[in-house]
Engineer: 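Before I ask anything, let me first share the structure, which is written out below as structure tokens.
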Amino acid sequence: MKNVEDLNVKIFADGADKAGMLEMYAKPYIKGLTTNPTLMKKVGITDYRAFCKDILTSISDKPLSFEVFSDDFAEMEKQALEIASWGDNVYVKIPVTNTKRETCFALVEKLAAQKVKFNVTAIMTLTQVRDVVAALDPNVPSYVSVFAGRVADTGRDPIPMMSAAVEMLKVAPAAELIWASPRELLNIFQADDIGCQVITVTNDILKKLALVGYDLDTYSLDTVKMFYDDAAAAGFKL
């Protein structure tokens with residue numbers, strides 16, 4: 001089994017809690033960070049611009065993705081241009097469609113022509129990957145974010161799709177594929193095995209990195225002890 005240091009896939013921390021983001025940023029194996037409006041809402045952020053600009057005062061040398069939140073493409077473009085102006089390390093997250101299922105591809109082309117670095121997000125089909133790649137400027141840095149974890153939630157194996165997506169992105173050398181929304185630590189190693197360039201990982205999964213390569217007999221005993229100690233603490237009797 002590979003150690004984390006031996007992986008080729010880049011691990012990006014996914015979150016919106018400032019303390020957690022800074023904790024992950026400080027770790028050498030974290031190569032970038034991402035966030036989204038849902039994560040920001042969960043931690044109570046109400047001033048989007050202030051939060052983003054504040055975190056950028058501490059994180060300026062690793063890629064950091066912030067998402068537009070309009071449902072109108074003209075307004076998305078305005079938001080994207082402002083967000084992109086906040087720092088050279090900023091990538092603008094653009095949803096693959098709006099809520100009306102209108103695709104983002106024309107907007108991607110416009111932003112790429114202006115050399116905006118972006119992250120096309122919420123992708124879940126190879127058709128979407130193909131169409132996004134066709135809209136990219138192959139020389140403008142970008143991320144193509146496929147939500148492999150959500151694909152797996154539907155009972156489908158995401159690995160064949162992600163492997164095919166890796167091949168599709170070869171025509172756009174400045175673009176990188178993101179394995180998004182992983183569900184378990186194993187996904188990091190799966191992403192590495194197929195040649196996926198990036199995986200975004202939440203802090204709760206990242207905390208399990210200490211278990212990589214852990215002896216399974218010892219882990220079994222740890223689990224038995226946990227059950228025993230919890231039963232004793234609960235005062236169970238028969």
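Small disclaimer: the values here were computed from a predicted structure and weren't measured.
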Engineer: Indicate whether any N or O donor in one side chain lies under 3.5 Å from an N or O acceptor in the other, for Gln128 and Asp131.
Structural biologist: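 No, Asp131 and Gln128 have no side-chain donor paired with an acceptor closer than 3.5 Å.
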Engineer: Please verify the inter-ring angle class for Trp86 with Tyr48; under 30° counts as parallel, over 60° as perpendicular, anything in between as tilted.
Structural biologist: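 Plane angle between 30° and 60°, so tilted.
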Engineer: Ignoring hydrogens and angles, state whether a donor on the side chain of Asn3 or Tyr29 is under 3.5 Å from an acceptor on the partner side chain.
Structural biologist: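 Asn3 vs Tyr29: no donor-acceptor pair found between side chains.
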Engineer: So which of Glu102, Arg101, Lys100 actually passes side-chain hydrogen bond (donor to acceptor under 3.5 Å, both in side chains) with Asn98?
Structural biologist: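 Checked Glu102, Arg101, Lys100 against Asn98; only one passes side-chain hydrogen bond (donor to acceptor under 3.5 Å, both in side chains): Glu102.
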Engineer: Between Asp137 and Lys115, is the salt bridge (Lys or Arg N to Asp or Glu O under 4.0 Å) condition met? List the steps.
Structural biologist: CA-CA 9 Å; Asp137 180 325; Lys115 306 303 179 186; 3.5 Å; yes
Engineer: Taking all non-hydrogen atoms of both residues, which atom of Met76 and which atom of Ser70 are closest, and how far apart?
Structural biologist: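 Smallest interatomic distance, heavy atoms only, reads CE-O, 3.2 Å.
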Engineer: Tell me yes or no: between the side chains of Ser60 and Asn89, is some donor less than 3.5 Å from an acceptor?
Structural biologist: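 No - no donor-acceptor pair under 3.5 Å links their side chains.
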Engineer: So which of Phe118, Tyr143, Phe66 actually passes ring pair (Phe, Tyr, Trp, His ring centres under 6.0 Å) with Tyr91?
Structural biologist: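 Result for ring pair (Phe, Tyr, Trp, His ring centres under 6.0 Å) with Tyr91: Tyr143.
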Engineer: Using side-chain contact (heavy atoms from CB on, under 4.5 Å) as the criterion, point out the one residue from Asn119, Thr34, Ile178 that pairs with Val198.
Structural biologist: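 Per the side-chain contact (heavy atoms from CB on, under 4.5 Å) rule, the option paired with Val198 is Ile178, out of Asn119, Thr34, Ile178.
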Engineer: Is the shortest side-chain N to carboxylate O distance from Glu184 to Lys208 below 4.0 Å?
Structural biologist: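 A salt bridge is absent here (no side-chain N lies under 4.0 Å from a carboxylate O).
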Engineer: Check Val146, Asp153, Val151 against Pro158 for a side-chain contact (heavy atoms from CB on, under 4.5 Å) and give me the one that passes.
Structural biologist: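 So, applying the side-chain contact (heavy atoms from CB on, under 4.5 Å) to Pro158 and each of Val146, Asp153, Val151, only Val151 qualifies.
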Engineer: Do you know the tightest heavy-atom contact between Met40 and Cys52?
Structural biologist: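 So the minimum-distance heavy-atom pair works out to CE-SG, 4.3 Å.
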